[in-house]
Amino acid sequence: MPHHTPLIGTIVAGLVMAFFMGALAHRLRMPPIVGYLLAGVIVGPSTPGFVADSKLAAELAEIGVILLMFGVGLHFSLKDLLSVRRIALPGAIVQIAVATAMGAGLGLAMGWTVMASVIFGLALSVASTVVLLRALQSRDLVQTEKGRIAVGWLIVEDLAMVLALVLLPAVVALQNGTGGQGIEGLLRSGGLVLVKVTGFVAVMLVIGRRVIPWALHWVAHTGSRELFRLAVLAIALGVAFGAAVVFDVSFALGAFFAGMILGETQLSRRAAEETLPLRDAFAVLFFVSVGMLFDPAVVVEQPLPLLATVAIILVGKSIAAFALVRVFGYGNRTALTVSASLAQIGEFSFILAGLGVALGALPQTAQDLILAGAIISILLNPILFSLLVKRNRADDGQRARADSTGSGAGAPKRTVLVGYGRVGRLIAASLQERGEDLIVIEDQRDIAEACHQAGLELVVGDATARDVLEQAGIEAATTLLIAIPEGVEAGAIAARARAMNPALCIIARAHSDEEVADLKRRGADAVVMAEKETADRMTEICIRQGA
Ligand code: AMP
C-alpha cells in the first residue's frame, strides 16, 4: 500500500480534528468556528505532530467558497441584487478606501514603504465570504434586507479584489521601473478586467439563463436522483471554474451567478438540498485551512502592531460601515448587522498578502500580521454577532412591553403555522376561509412566494431560529401548528416556542411513534401522526364498503 497520500491525509486530518475540536467547543458553549480554527492550528506546521498540506487545504477550502456562494445565489434574484446596488456599491468602495487608509497609516508608522502600506491596508479592507455567509446563514439573515445589503456589499468587494489582484503585479513593476507597461498599460489591464467581468455576466444572463435551467429540467425528468445531484454539482463547480479560467473572475462570483440563474427555476429548492452536506463539510475545511496558516509566534513578537491591526479590522471597519449605512438612511439595526458581518478578514486578504510578498512588495511581518489579524477577527466575529442579537432582543422586549401596556386584556386568537407544503397549505386555506388571524413561517423562497400570492401574512425563514419565531409574534400567539415532515426539527421548534410562550397551544405533525413521543416530551400538546390517520381513514372506508 502506498502511504504517500497527502490529499486524503489533509481531508481526513482536517475533518477529524475539526470534528473533535468542534464538539469540544460545543461542550464549552463556544462557537464551533473556534474549534475548527484550533483544529487547523493543531494540524498546521506551527505545532508539533502531523502536518497537513496547507496548499491542498486552501484549495479544498475554495470548494467550500464555491458551494456557499452557489447556495446564496440560489436564494437571490437579479432583482434582489439590483435593489441594493445604491447602497452596496458606494458603501463598499468608500469602506475599502477608509480601511485601506487606516491600514496604510499603520504600515507607514511601522516604517514600511508606501506600496507595502497600501497593500497591507487593502488586505485589511475586504471581508471573508465564508465567514460572512456563515454568520448570516446561521441567523437566517441572508434573505432579509440587511442580509441582501451585506451580500451585495461582499460582491462589490469581491470585484474590487479581482481588479486589485490583476493590477498589483503591473503597479509593482511600474514602480520598480522593470517591464513597466506605463500608465496606459495599467489602464488597459484594468479595462480588460472590466470587459471580462461584463462578458461573463452577459454570457451567464444570455446563454446560461437558457441552457442551465433547461439542462437541469431535463435531468430532473430522467427521475434519477443521483444524476440530479451530479448535475447540480457539475453546474456549481463547472461554472465557477469556467468563470475563473475563461473570464478571470473569482470562483465565488462564478458560483454566485450559477446559483442565481438556478434560483429562478422551480428546482432551486432541491438543488439547495443536494449541495448542503458537501457545502458544510468544505466550509469547515476553510476554517481549518485558515488555522493552519497561523503562527502563534507573532502574538509574542509583535503584540502592539497586532493589536492595532485587529482594532482596524474590528473597530475601524465597523464604524465606517455603520456610518455609511446610516448615511444611506437605513436604521440602526441594519447598520449594526452589516457592520458586524463585515468586521473580519479572510481568504482575499491571504491571497493579496501572498502575492505582495511574492512580488517583493510586502514585508513578511505584514503577512504575519494579516494572518494573525484574520484568525483573531474570525474568532471574535461570532461574539460580536451575539452581542448584536442580545441588543436587538432587549429592544424587542422593550417594544413588546410598550405594546402590551397599550392593548387591553383578553388576548384574541392568533395562530402561527410553520410550513406551507402539502399539509400546511391545506390548513392555511381552511383557516383563511374561516377568517382566522393567521401568520405562516416558511423557509423556502419559491413556496413562500406561493403563500404570499395567496394573500397570507408571512415570515420567510427557518422556524427553528428564535428570531424567526419572534418575528412571527410567537409570544403573543395562542396556537402554533407545526406542519413540517422533519420530526427532529419540529421538536426543536416546539421546545423553543414553548420556552418563549408557556401558554401556547402547540399542535405538531409526525410520521412515527418515536416522533410522537419526542414531540410531546418537547412541549407539543397534540401530535397528529400522518400514517396513523391515513390508515384509520382507509380502514374506515374499507369497512363501510363491506357493510
Ligand atoms: P410538506 O412536507 O409538503 O408538507 O412540506 C413541508 C414544508 O415545510 C415545506 O414547504 C418546507 O419548506 C417547510 N419547512 C420545513 N422545515 C421548515 C422550517 N424549519 N421552518 C420553516 N419552514 C419549514
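Scope of the values below: all heavy atoms of this structure, side chains included, with no hydrogens, waters or symmetry mates. Both ligands and their constituent atoms are indexed starting at 1 by order of listing.
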> Hey, is ligand 1 close enough to Glu489 that some N/O pair sits below 3.5 Å?
Replying inline: yes

> Quick one: does ligand 1 sit under 4.0 Å from the side chain of Arg509, the backbone, both or neither, non-hydrogen atoms only?
Replying inline: side chain

> Which of the atoms in ligand 1, numbered in the order shown and given with their element, are less than 4.0 Å from a heavy-atom of Gln444?
Replying inline: 12 (O)

>> Which of the numbered atoms in ligand 1 are under 4.0 angstrom from any heavy atom belonging to Ile447?
In response: 10 (O)

> Would one find more than 12 heavy atoms of other residues, nucleotides or ligands at under 6.0 Å from atom CD of Glu540?
Replying inline: yes

> Thinking salt bridges, do Arg414 and Glu436 make one under a 4.0 Å N-O criterion?
Replying inline: no

> If you draw a 6.0 Å radius around NE2 in His26, do more than 12 non-hydrogen atoms from other residues or ligands fall strictly inside?
Replying inline: no

> Taking 4.0 angstrom as the limit, do Arg498 and Asp525 come out as a salt bridge?
Replying inline: yes

> Got the closest protein heavy atom to atom 20 (N) of ligand 1, with its distance?
Replying inline: Ala463 N, 2.9 Å

> With the threshold set at 4.0 Å, does a side-chain nitrogen-carboxylate oxygen contact exist between Arg466 and Glu470?
Replying inline: yes

> Taking atom NE2 of His221 and atom CZ of Phe228, what is their separation to the nearest 0.5 Å?
Replying inline: 11.0 Å

> How far is atom 5 (O) of ligand 1 from its nearest protein heavy atom, and which residue and atom name does that atom have?
Replying inline: Gly421 CA, 3.3 Å

> What part of Asp462, side chain, backbone, both or neither, has a heavy atom within less than 4.0 angstrom of ligand 1?
Replying inline: both

>> Would Ile484 count as a polar contact of ligand 1, with the cut-off being nitrogen or oxygen pairs under 3.5 Å?
In response: no

>> Less than 4.0 angstrom from a charged side-chain N to a carboxylate O is my criterion; do Glu274 and Arg225 meet it?
In response: yes

> Would the Phe257 and Phe200 ring centres measure less than 6.0 Å apart?
Replying inline: yes

> Can you tell me which residue and heavy atom of the protein come closest to atom 9 (C) of ligand 1, and the distance to 0.1 Å?
Replying inline: Glu442 OE1, 3.7 Å

> Is the count of non-hydrogen atoms from other residues, nucleotides or ligands lying under 6.0 Å from Tyr330 atom OH greater than 12?
Replying inline: yes

> What residue and heavy atom of the protein are closest to atom 23 (C) of ligand 1, and at what distance?
Replying inline: Asp443 OD1, 3.4 Å

>> To check your reading of the model: name the closest protein heavy atom to atom 2 (O) of ligand 1, its residue, and the distance in Å.
In response: Arg422 NH2, 2.9 Å

> In ligand 1, which numbered atoms sit nearer than 4.0 Å to a non-hydrogen atom of Gly461?
Replying inline: 20 (N), 21 (C)

> Does the N or O separation between Gly424 and ligand 1 drop below 3.5 Å for any pair?
Replying inline: no

> What's the shortest distance from atom 6 (C) of ligand 1 to any protein heavy atom, and which residue and atom give it?
Replying inline: Pro485 CD, 3.6 Å

